*Asks:* 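Quick one: the structure is below, questions incoming.
Note that the structure is predicted; figures quoted are calculated from it, not measured. When a ligand or atom number is given, it counts from 1 through the structure's own listing order.
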Amino acid sequence: MPKHLLKLLDYSRAEIEEILNVADQLKYEQKNGIPHSFPKGKTLAMIFEKNSTRTRVSFEVGIFQLGGHGVFLSSATSQMGRGEPIADTARTLARYCDCIMIRTYGHEIVEELAKWSDVPVINGLTDRYHPCQVLADLMTIREHKSRLEGLKLCYIGDGNNMANSLIVGGLKMGMDVSVACPEGYGPHQEALDFAATVTDAKFSLVTDPKEAAVGADVIITDVWASMGQEDEAEARRIAFAGYQVNDELMALANPGCMVQHCLPAKKGQEITEAVFAAHATEIFDEAENRLHAQKAVMVLLMQ
Ligand code: CP
Ligand code: NVA
C-alpha cells in the first residue's frame with residue numbers, strides 16, 4: 001500500500017481490490033456485532049476547508065468504531081484559516097495524530113500536506129479528486145452486480161473531481177468508462193492522460209449524453225456546480241441543460257442499470273426526482289459504504 005491516499009492513480013488494481021475486500025469484511029463485522037481487530041486509541045485529524053455531511057460523519061464514526069478518536073478542524077477556527085503554512089500544520093498534527101484527513105480546494109494543498117506529514121494523509125475531496133467517494137462507489141457497484149470487470153460505467157455531467165476519480169478508479173478495475181460532458185467542462189488532463197494508457201478496458205469522452213449512456217450498467221452523475229463554483233451556478237445551469245439523468249436516458253442503458261450519486265443532489269438539475277427515487281436504495285447504500293470503505297483505508301494505512 002502507498003503511504004497516503006491522495007488519488008487512485010497512485011494505487012494498483014490489486015491495492016484497490018484489497019481496500020474493497022477489507023471494506024466488505026469490516027461491513028460484515030459491523031453488521032454482525034463482531035469486534036474489529038485493530039489497535040485501540042488511534043487518532044485521526046479531520047481538516048475541513050469545505051462543507052461536508054457524509055465525509056465528516058463517516059470518518060468520525062469510522063475511527064470511533066475502530067476504537068480510535070477523530071479530531072475535527074475547520075479553517076474557520078483553526079490557525080490554517082489565519083494562514084499558518086500547510087507544512088507547519090502537517091508537522092504539528094503528525095506529532096499528535098496517527099493519520100490526517102483533509103477536504104480542501106487545490107489538489108496541491110493535499111500533496112503539500114503529505115510531503116510534510118510523517119503520518120498517512122487521506123484526501124477527503126479536492127477540486128481534482130474524490131478518491132474515498134469512488135472507493136465507496138466501486139464497493140457499492142460490486143455489492144449489487146457481484147463484479148466490476150467488464151461492466152460499463154457511464155458518467156454524465158461536469159468533468160469534476162468525481163468524473164476524474166471515476167475515470168481512474170473504473171478503468172483500473174477493468175470497467176469500460178464512458179463520459180459525457182459539455183464542451184469546455186471536460187475532465188482533468190491527468191485523468192485523460194491515464195485513460196489514454198489503458199489497453200484492457202474501453203474509454204470514451206463525448207458531448208452527447210445519449211451516446212455515453214447506451215449499454216451502461218451504472219450511470220453516475222454529480223452536481224453541475226461544485227463547492228467553490230457557487231458564482232458560476234447560473235452559467236453552468238445553462239451549459240449543462242440536457243445533461244440530466246432522466247427516464248429517457250435510463251431507457252438507453254442496460255436492463256437493471258444502477259444509478260449512483262455521491263450527494264448532495266440537486267434534483268431537477270443533474271437528476272430527476274423520479275430517477276433519484278427509483279434508485280434511492282443504491283444511492284444510500286453508496287452513502288453508507290463511505291463508512292466501510294474509509295474504515296478499510298484507515299486500517300490499511302495505519303496498520
Ligand atoms: N459525497 C460527499 O462527499 O458528501 P459530503 O460533501 O456531505 O461529505
Ligand atoms: N463535485 C462535488 C462533490 C461533492 C461531494 C463538489 O466538489 O462539490
Side-chain angles (χ1 to χ4, degrees), residues 5-8 23 44 46-63 70 72-75 101-110 122-141 155-170 179-182 185-188 190-191 218-233 235-237 239-240 243-245 259-267 269-271 276 279-280 282-295 297-298:
L5 172 58
L6 308 185
K7 53 187 195 294
L8 293 177
L44 172 74
M46 310 186 301
I47 305 169
F48 284 90
E49 301 204 278
K50 287 176 174 171
N51 289 36
S52 171
T53 296
R54 280 146 288 271
T55 306
R56 159 97 196 252
V57 177
S58 56
F59 267 108
E60 194 163 333
V61 169
I63 188 71
F72 175 80
L73 291 102
S74 77
S75 41
M101 190 283 303
I102 179 167
R103 163 167 289 197
T104 188
Y105 291 88
H107 191 74
E108 64 287 349
I109 297 170
V110 175
I122 299 173
N123 175 2
L125 179 148
T126 61
D127 292 343
R128 197 185 309 169
Y129 291 113
H130 197 358
C132 293
Q133 180 67 56
V134 169
L135 289 170
D137 293 14
L138 294 171
M139 179 182 177
T140 312
I141 299 163
Y155 177 87
I156 305 288
D158 188 21
N160 61 15
N161 41 18
M162 280 303 298
N164 298 328
S165 288
L166 284 165
I167 290 168
V168 174
V179 175
C181 305
Y185 292 95
H188 195 276
E190 191 175 45
V218 53
I219 293 186
I220 309 184
T221 188
D222 187 15
V223 289
W224 293 338
S226 284
M227 289 182 278
Q229 297 174 331
E230 287 77 10
D231 293 351
E232 299 173 34
R236 284 172 169 267
R237 224 198 294 264
F240 285 90
Y243 288 79
Q244 185 186 60
V245 178
V259 172
Q260 297 278 267
H261 192 309
C262 64
L263 304 174
K266 289 260 189 204
K267 293 170 213 164
Q269 292 192 21
E270 77 275 3
I271 189 165
F276 189 95
H279 294 272
E282 294 152 17
I283 292 169
F284 290 103
D285 282 349
E286 174 189 14
E288 175 185 335
N289 285 339
R290 293 291 303 277
L291 171 70
H292 310 297
Q294 289 158 195
K295 281 166 76 178
V297 169
M298 288 192 282

*Asks:* Can you confirm, on distance only, whether ligand 2 has an N/O atom lying under 3.5 Å from any N/O atom belonging to R103?
*Replies:*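 No.
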
*Asks:* Check the angle between the aromatic planes of F240 and W224 and answer parallel, tilted or perpendicular using the 30° and 60° thresholds.
*Replies:*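 F240 vs W224 ring planes: parallel.
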
*Asks:* Any idea which atoms of ligand 2 are less than 4.0 Å away from a heavy-atom of L125?
*Replies:*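 By the 4.0 Å cutoff, the relevant atoms are 3 (C), 4 (C), 5 (C), 7 (O).
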
*Asks:* So which atom in Q294 and which in T55 form the shortest heavy-atom distance, rounded to 0.1 Å?
*Replies:*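 Smallest heavy-atom distance, with atoms named: NE2-O, 4.4 Å.
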
*Asks:* Testing H261, K266, Q133 for side-chain contact (heavy atoms from CB on, under 4.5 Å) with D222, which one passes?
*Replies:*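 Among H261, K266, Q133, the one meeting side-chain contact (heavy atoms from CB on, under 4.5 Å) with D222 is H261.
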
*Asks:* Where is the nearest protein heavy atom to atom 4 (O) of ligand 1: which residue, which atom, and how far?
*Replies:*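 Going by distance alone, atom 4 (O) of ligand 1 is nearest to R54 NE, 2.9 Å.
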
*Asks:* So, E270 and T221: side-chain donor and acceptor under 3.5 Å apart, yes or no?
*Replies:*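 No donor-acceptor contact under 3.5 Å links the two side chains.
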
*Asks:* Between E60 and R56, does any side-chain N to carboxylate O distance fall below 4.0 Å?
*Replies:*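 Yes, this pair counts.
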
*Asks:* Is the closest side-chain heavy-atom distance between K50 and L125 below 4.5 Å?
*Replies:*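 Of all side-chain heavy-atom pairs linking L125 with K50, at least one is under 4.5 Å.
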
*Asks:* Looking only at protein heavy atoms, which one is nearest to atom 8 (O) of ligand 2, and what is the separation?
*Replies:*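 Among all protein heavy atoms, the one nearest atom 8 (O) of ligand 2 is M227 N, 2.8 Å.
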
*Asks:* Measure the distances from the heavy atoms of R103 to every atom of ligand 1 and state whether one is below 4.0 angstrom.
*Replies:*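 True for this residue.
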
*Asks:* Please indicate whether any nitrogen or oxygen in N161 is less than 3.5 Å from any nitrogen or oxygen in ligand 2.
*Replies:*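 Between N161 and ligand 2 (N or O atoms, distance only) the closest approach is under 3.5 Å.
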
*Asks:* Touching ligand 1 at all, L125? Heavy atoms, strictly under 4.0 Å?
*Replies:*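 Checking ligand 1 against L125, which is what was asked, there is no heavy-atom contact under 4.0 Å.
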
*Asks:* Heavy-atom distances under 4.0 Å decide this one: backbone, side chain, both or neither, for L263 against ligand 2?
*Replies:*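 The backbone, only.
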
*Asks:* Looking only at heavy atoms, what is the nearest atom pair of P131 and L8, with distance?
*Replies:*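 Residues P131 and L8, closest heavy atoms: CB-CG, 3.9 Å.
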
*Asks:* Quick test: of every protein heavy atom, which one is nearest to atom 2 (C) of ligand 1, and how far off is it to 0.1 Å?
*Replies:*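 Looking only at protein heavy atoms, the one closest to atom 2 (C) of ligand 1 is R290 NH1, 3.2 Å.
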
*Asks:* Hey, does K50 come in under 3.5 Å of ligand 2, counting only N/O atoms on both sides?
*Replies:*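 There is no such contact.
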
*Asks:* Run the ring-centre check on Y243 versus Y185 and record whether the distance is less than 6.0 Å.
*Replies:*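 So the answer is no for these two rings.
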
*Asks:* What is the nearest protein non-hydrogen atom to atom 3 (C) of ligand 2, stated with its residue, atom name and distance?
*Replies:*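 Nearest neighbour among protein heavy atoms for atom 3 (C) of ligand 2, to 0.1 Å: D222 OD2, 3.6 Å.
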
*Asks:* What are the two closest non-hydrogen atoms of N160 and S226, and how far apart are they?
*Replies:*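 It is ND2-OG, 3.6 Å.
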
*Asks:* Between V218 and D137, does the side-chain contact (heavy atoms from CB on, under 4.5 Å) criterion hold? Intermediate values first, please.
*Replies:* CA-CA 10 Å; V218 53; D137 293 14; over 6 Å; no

*Asks:* Do M227 and ligand 1 have an N or O pair less than 3.5 Å apart?
*Replies:*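 The answer is no, given that M227 and ligand 1 share no N or O pair closer than 3.5 Å.
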
*Asks:* Quick check on contacts: which atoms of ligand 1 are under 4.0 angstrom from a heavy atom of T53?
*Replies:*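 Going through ligand 1 atom by atom, the ones under 4.0 Å from T53 are 5 (P), 7 (O), 8 (O).
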
*Asks:* Between R56 and ligand 1, which residue portion shows a heavy-atom distance shorter than 4.0 Å: side chain, backbone, both, or neither?
*Replies:*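 It is neither; nothing of R56 touches ligand 1.
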
*Asks:* With atoms numbered from 1 as shown, which atoms in ligand 1 lie under 4.0 angstrom from a non-hydrogen atom of L263?
*Replies:*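 That gives atoms 1 (N), 2 (C), 4 (O) of ligand 1.
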
